[in-house]
Novice: 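Below are the structure tokens for one structure; questions will follow.
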Amino acid sequence: MKKTILITGGAGFIGSHVVRLFVNKYPDYQIINLDALTYAGNLENLSDVDKAPNYTFVKADIRDADAMDEVFSKYGITGVCHLAAESHVDRSIAEPMAFITTNIVGTVNLLNAARKYWNGDFEGKRFYHISTDEVYGSLGAEGFFYETTPYDPKSPYSSSKASSDHLVRAYCHTYGLPVVITNCSNNYGPNQFPEKLIPLAINNIKNMKPIPVYGKGENIRDWLYVVDHARAIDLVYHEGKTGETYNIGGHNELKNLDLIHILCEIMDQKLGRTPGTSASLITFVKDRAGHDLRYAIDATKIQKELGWTPSLQFKEGFEKTVDWYLDHEEWMNRITSGKYQAYYEQQYERR
Ligand code: NAD
Ligand code: DAU
């Protein structure tokens with residue numbers, strides 16, 4: 001059977017890396033990139049693959065149920081990698097509703113479209129839902145998130161992702177839909193929208209602007225290079241067991257403040273600045289409401305069952321990432337003009 005894979009959110013950060021990998025690695029598949037092109041979607045991220053004969057872009061909103069039905073039947077979708085989402089925690093705190101409609105209702109629209117179109121014939125079909133480690137809540141100084149850790153989401157974003165995970169599992173249990181889910185830790189790398197910590201910090205350091213660190217900078221995240229996440233998604237899409245969940249993580253836990261100091265050192269070197277120049281920009285600002293203290297993934301299952309491990313550790317990954325942003329000044333300038341300014345002002349000027 002010919003494979004036609006619907007990748008939702010393919011114009012976003014992680015989605016664009018997944019689209020690139022699938023288009024290049026599987027010339028016999030048709031790859032349909034469906035994206036609403038919200039503020040976070042950027043087709044420029046895919047300029048190197050968008051002429052490929054096995055690639056089609058569809059501008060559509062997953063909140064539109066009829067449009068989802070139409071896409072399934074028009075393109076003959078045999079599999080889904082679902083990444084489209086509202087993804088930024090701070091925005092979910094400021095305005096939760098878009099997170100409910102896109103992350104929950106949008107996911108159900110896709111589940112319904114798959115269910116209707118596949119109509120009980122699940123041979124060779126797959127519905128892969130890409131989720132986050134934030135559904136497990138917040139850890140203290142010790143311990144890890146396992147696939148069996150009970151859900152305990154704390155922000156509107158993580159709650160909306162947790163709801164969508166539950167619904168995906170319910171469609172597997174109730175209707176037999178062949179689903180698989182992964183819960184991944186914090187990604188970093190090229191093409192990330194500069195509302196997220198790492199590209200925001202790199203951009204501010206470059207422009208000698210204050211680096212906003214929430215609270216005391218003691219919160220801990222587990223960082224994974226985005227290309228390693230895309231490799232894991234490829235593996236799980238093809239070899240993950242139906243109905244299963246796999247945790248994906250980087251084995252790279254860092255306190256935010258330590259991470260920022262590492263970035264500052266790299267930037268001082270790359271920009272030929274006197275050591276300490278970039279670190280002088282560190283500015284402690286009001287903490288995020290309900291800020292989760294620590295995330296840490298135990299990724300033993302995907303390692304043992306599917307043989308996946310991250311290929312990069314943070315030192316090398318951060319160097320590559322800084323190089324990419326310094327080499328793509330125009331990409332950053334285009335994104336940070338216009339509406340981004342208004343967002344930045346609202347989010348940071350009054351902190
Ligand atoms: P992103 O915000 O960079 O991209 C999201 C994409 O979805 C954008 O292209 C946007 O235009 C599109 N989109 C948003 N609403 C849509 C709608 N209603 N209809 C169609 N398209 C819509 O996000 P990201 O960081 O690449 O995250 C992708 C997925 O991975 C999300 O589901 C997120 O929850 C998950 N995830 C992200 C991380 C991370 O560290 N970034 C970690 C684990 C899991
Ligand atoms: O864990 C996976 C999640 O990682 C994904 O599901 C989310 O989509 C993704 O946005 C990310 O969430 P975080 O909230 O962890 O990422 P963010 O880059 O927003 O923040 C990382 C840490 O840095 C967090 O502790 C908050 C802090 N922070 C963030 C910003 C934007 C700051 O100190 N200053 C900032 O300006």
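Computed from heavy atoms alone, side chains included, the values below leave out hydrogens, waters and symmetry copies. Since the model is a prediction, treat every value here as computed from it, not as a measurement. In each ligand, atom 1 is the first atom listed, and ligand 1 is the first ligand listed.
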Novice: Evaluate K3 against D28 for salt bridge (charged side-chain N to carboxylate O under 4.0 Å, His left out), listing each step before the verdict.
Specialist: CA-CA 8 Å; K3 286 192 195 289; D28 295 343; over 6 Å; no
Novice: Check each atom of ligand 2 against the heavy atoms of Y348 and keep those under 4.0 Å away; list them by number with element.
Specialist: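 Close to Y348: 30 (C), 31 (C), 35 (C), 36 (O).
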Novice: For ligand 1, indicate whether the residue Y157 contacts it via side chain, backbone, both or neither (heavy-atom separation under 4.0 Å).
Specialist: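 Near ligand 1, Y157 shows its side chain, while the N, CA, C and O stay back.
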Novice: Hydrogens and angles aside, do N45 and W331 bring a side-chain donor and acceptor to less than 3.5 Å of each other?
Specialist: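 Looking only at side-chain atoms, W331 and N45 do form a donor-acceptor pair, the distance falling under 3.5 Å.
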Novice: Between the side chains of S278 and D268, does any donor sit under 3.5 Å from an acceptor?
Specialist: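 A pair is found: one side chain offers a donor N or O, the other an acceptor, under 3.5 Å apart.
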Novice: Show the atoms of ligand 2 that are less than 4.0 angstrom away from any heavy atom in H291.
Specialist: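 The atoms of ligand 2 under 4.0 Å from a heavy atom of H291 are 24 (C), 25 (O), 26 (C).
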Novice: Heavy atom of A60 under 4.0 Å from ligand 1?
Specialist: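 It does; at least one heavy atom falls under 4.0 Å.
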Novice: Would you mind checking which non-hydrogen protein atom is closest to atom 18 (N) of ligand 1, with the distance to 0.1 Å?
Specialist: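 Sorting protein heavy atoms by distance from atom 18 (N) of ligand 1 puts D61 OD1, 2.8 Å first.
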Novice: Return a yes/no value for R221: is any of its N or O atoms, backbone included, closer than 3.5 angstrom to an N or O of ligand 2?
Specialist: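 Indeed, backbone or side chain, R221 has an N or O that close.
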Novice: In terms of residue, atom name and distance, what is the protein heavy atom nearest to atom 1 (P) of ligand 1?
Specialist: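 Ranking protein heavy atoms by distance from atom 1 (P) of ligand 1, first comes S87 OG, 3.5 Å.
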Novice: Note the single closest protein heavy atom to atom 12 (O) of ligand 2, along with its residue, its atom name and the distance in Å.
Specialist: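 For atom 12 (O) of ligand 2, the nearest protein heavy atom comes out as E134 OE2, 2.8 Å.
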Novice: Around atom 21 (N) of ligand 1, find the nearest protein heavy atom and jot down its residue, atom name and distance.
Specialist: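 Looking at atom 21 (N) of ligand 1, the protein heavy atom closest to it is A36 N, 3.1 Å.
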Novice: Report the member of I248, T38, N191, N183 with the shortest heavy-atom distance to atom 15 (N) of ligand 1.
Specialist: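 That would be T38.
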Novice: Quick check against the 3.5 Å criterion: does D228 have a side-chain atom that pairs as donor or acceptor with the backbone of L224?
Specialist: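 It does not hold such a pair.
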Novice: Compile the donor-acceptor pairs under 3.5 Å between side chains in residues 313-320 and protein atoms, sequence neighbours left out, one pair per line.
Specialist:
unit_1	atom_1	unit_2	atom_2	d
E319	OE1	K270	NZ	2.9

Novice: Identify, by atom number and element, the atoms of ligand 2 in contact range of D133, meaning under 4.0 Å from any of its heavy atoms.
Specialist: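 Per the distance check, 1 (O), 2 (C).
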Novice: Which is closest to atom 28 (C) of ligand 1 by heavy-atom distance: L224, N33, L83, N42?
Specialist: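 Considering heavy atoms of L224, N33, L83, N42, the nearest to atom 28 (C) of ligand 1 sits in L83.
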Novice: Consider only side-chain N and O atoms of N252 and Y225, and report whether a donor and an acceptor are under 3.5 Å apart.
Specialist: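 Side chains of N252 and Y225: no pair found under 3.5 Å.
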Novice: To check your reading of the model: name the closest protein heavy atom to atom 3 (O) of ligand 1, its residue, and the distance in Å.
Specialist: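 Scanning the protein heavy atoms, the shortest distance from atom 3 (O) of ligand 1 goes to F13 N, 3.1 Å.
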Novice: Pair E44, R334 - check salt bridge (charged side-chain N to carboxylate O under 4.0 Å, His left out), show working.
Specialist: CA-CA 10 Å; E44 199 182 333; R334 274 192 283 277; 2.6 Å; yes
Novice: Between D90 and Y214, do the side chains contain a donor N or O and an acceptor N or O under 3.5 Å apart?
Specialist: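 Checked: Y214/D90 side chains pair up, N/O donor to acceptor below 3.5 Å.
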Novice: Near H88, which atoms of ligand 2 are under 4.0 Å from a heavy atom of that residue?
Specialist: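 Listed by number with element, the hits are 19 (O).
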Novice: With respect to F22, which candidate in N24, V19, V18 satisfies the side-chain contact (heavy atoms from CB on, under 4.5 Å) definition?
Specialist: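 The option that passes is V18.
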Novice: List the closest protein heavy-atom neighbour of atom 37 (C) of ligand 1: residue, atom name, distance to the nearest 0.1 Å.
Specialist: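 Checking every protein heavy atom, the shortest distance to atom 37 (C) of ligand 1 gives I14 CD1, 3.4 Å.
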Novice: Tell me, which protein residue and heavy-atom name are nearest atom 5 (C) of ligand 1, and how many Å apart are they?
Specialist: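 Result: A85 O, 3.5 Å.
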Novice: Among all protein heavy atoms, pick out the one at the shortest distance from atom 27 (C) of ligand 2; state its residue, atom name and that distance to 0.1 Å.
Specialist: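 In this structure, atom 27 (C) of ligand 2 has N256 ND2, 3.4 Å as its nearest protein heavy atom.
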Novice: If you measure every N/O of E195 against every N/O of ligand 2, is any gap under 3.5 Å?
Specialist: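 E195 vs ligand 2: no N/O contact under 3.5 Å.
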Novice: Can K154 and D152 be said to form a salt bridge (charged side-chain N to carboxylate O under 4.0 Å, His left out), step by step?
Specialist: CA-CA 6 Å; K154 309 273 191 204; D152 188 17; 3.1 Å; yes
Novice: Could you see which bit of N219 sits under 4.0 Å from ligand 2, with heavy atoms only: side chain, backbone, both or neither?
Specialist: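 Under 4.0 Å from ligand 2, N219 contributes side-chain atoms alone.
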Novice: Does F72 have R115 sitting over its ring (NZ/CZ under 6.0 Å from centre, angle to axis within 45°)?
Specialist: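 No, a cation-pi geometry is absent between R115 and F72.
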Novice: List the closest protein heavy-atom neighbour of atom 8 (O) of ligand 2: residue, atom name, distance to the nearest 0.1 Å.
Specialist: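 Its nearest protein heavy-atom neighbour is S87 O, 2.7 Å.
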Novice: For atom 4 (O) of ligand 1, which candidate among S16, G12, G10 holds the nearest heavy atom?
Specialist: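 Heavy atom nearest to atom 4 (O) of ligand 1 belongs to G12.
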Novice: To the nearest 0.1 Å, how far is atom 11 (C) of ligand 2 from its closest protein heavy atom, and which atom is that?
Specialist: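 Heavy-atom neighbour on the protein nearest atom 11 (C) of ligand 2: N186 ND2, 3.4 Å.
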Novice: With a 4.5 Å cut-off on side-chain heavy-atom distances among I, L, V, M, F, W and Y, is there a chain of contacts connecting L197 to I220?
Specialist: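 No.
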Novice: How far is atom 18 (O) of ligand 2 from its nearest protein heavy atom, and which residue and atom name does that atom have?
Specialist: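 Minimum-distance protein heavy atom for atom 18 (O) of ligand 2 reads L197 N, 2.8 Å.
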Novice: Name the closest protein heavy atom to atom 5 (C) of ligand 2, giving the residue it belongs to and the distance to 0.1 Å.
Specialist: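 Looking only at protein heavy atoms, the one closest to atom 5 (C) of ligand 2 is Y157 OH, 3.6 Å.
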Novice: Closer than 4.0 angstrom: is that true for some heavy atom of A11 and an atom of ligand 1?
Specialist: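 So A11 counts as touching ligand 1.
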Novice: Answer side chain, backbone, both or neither: which part of K161 comes under 4.0 Å from ligand 1, heavy atoms only.
Specialist: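 Only the side chain of K161 comes within reach of ligand 1.
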Novice: Judged by modelled atom types alone, do S87 and K196 share a side-chain donor-acceptor pair under 3.5 Å?
Specialist: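 Their side chains do contain a donor-acceptor pair, which is all the 3.5 Å distance test asks for.
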Novice: Numbering the atoms of ligand 2 from 1, which are under 4.0 Å from a heavy atom of P212?
Specialist: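 What qualifies from ligand 2 is 32 (C), 33 (O), 34 (N), 35 (C), 36 (O).
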Novice: Which protein non-hydrogen atom lies closest to atom 42 (C) of ligand 1, naming both residue and atom, and how far is it?
Specialist: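 Scanning the protein heavy atoms, the shortest distance from atom 42 (C) of ligand 1 goes to S185 O, 3.3 Å.
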Novice: Between H82 and T107, do the side chains contain a donor N or O and an acceptor N or O under 3.5 Å apart?
Specialist: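 Yes, H82 and T107 have a side-chain donor paired with an acceptor closer than 3.5 Å.
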Novice: Counting heavy atoms only, which of F145, Y136, Y214, Y188 is nearest atom 33 (O) of ligand 2?
Specialist: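 Among F145, Y136, Y214, Y188, the closest heavy atom to atom 33 (O) of ligand 2 belongs to Y214.
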Novice: Could you list which atoms of ligand 1 come closer than 4.0 Å to a heavy atom of R63?
Specialist: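 Counting from 1, the qualifying ligand atoms are 18 (N).
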Novice: Would you mind telling me if ligand 1 is within reach of the side chain of N103, the backbone, both or neither, using heavy atoms under 4.0 Å?
Specialist: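 Neither part.
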Novice: When the aromatic ring centroids of Y39 and F193 are compared, is their separation below 6.0 Å?
Specialist: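 Under 6.0 Å, so yes.
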Novice: Within the 4.0 Å heavy-atom shell around V213, which atoms of ligand 2 are there?
Specialist: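 Numbered from 1, ligand 2 contributes 33 (O).
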Novice: Tell me the protein heavy atom at minimum distance from atom 8 (C) of ligand 1, and give that distance in Å.
Specialist: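 Residue, atom and distance for the closest contact: D35 OD2, 3.6 Å.
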Novice: Looking only at heavy atoms of S131, does any of them come nearer than 4.0 Å to an atom of ligand 1?
Specialist: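 Heavy atoms of S131 do come under 4.0 Å of ligand 1.
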Novice: Same cluster or not: Y128 versus I14, using hydrophobic residues (I, L, V, M, F, W, Y) connected whenever any side-chain heavy atoms lie under 4.5 Å apart?
Specialist: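 As far as the 4.5 Å side-chain criterion goes, I14 and Y128 are connected within one cluster.
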Novice: With heavy-atom distances below 4.0 Å as the criterion, list the atoms of ligand 2 near K196.
Specialist: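 Listed by number with element: 10 (O), 18 (O).
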Novice: Say whether R288 and S155, considering side chains only, have a donor N or O and an acceptor N or O under 3.5 Å apart.
Specialist: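 The answer is no; no qualifying pair exists.
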Novice: Indicate whether any N or O donor in one side chain lies under 3.5 Å from an N or O acceptor in the other, for N183 and D165.
Specialist: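 A pair is found: one side chain offers a donor N or O, the other an acceptor, under 3.5 Å apart.
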Novice: Taking atom types as modelled, find out whether Y344 and N204 have a side-chain donor-acceptor pair closer than 3.5 angstrom.
Specialist: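 Their side chains do contain a donor-acceptor pair, which is all the 3.5 Å distance test asks for.
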Novice: Quiz question: by atom type and distance under 3.5 Å, do the side chains of R126 and T78 form a donor-acceptor pair?
Specialist: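 Judged by distance alone, the side chains do not pair up.
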Novice: Relative to the heavy atoms of T132, which atoms of ligand 2 are at a distance of less than 4.0 Å?
Specialist: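 The list of qualifying atoms is 1 (O), 2 (C), 3 (C), 5 (C), 6 (O).
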Novice: Consider ring pair (Phe, Tyr, Trp, His ring centres under 6.0 Å). Of Y295, F145, Y146, which one does Y136 pass it with?
Specialist: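 Result: among Y295, F145, Y146, F145 is the only option passing the ring pair (Phe, Tyr, Trp, His ring centres under 6.0 Å) with Y136.
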Novice: Quick one: look up the protein heavy atom nearest atom 14 (O) of ligand 2 and list residue, atom name and how far away it is.
Specialist: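 Answer for atom 14 (O) of ligand 2: R288 NH1, 2.6 Å.
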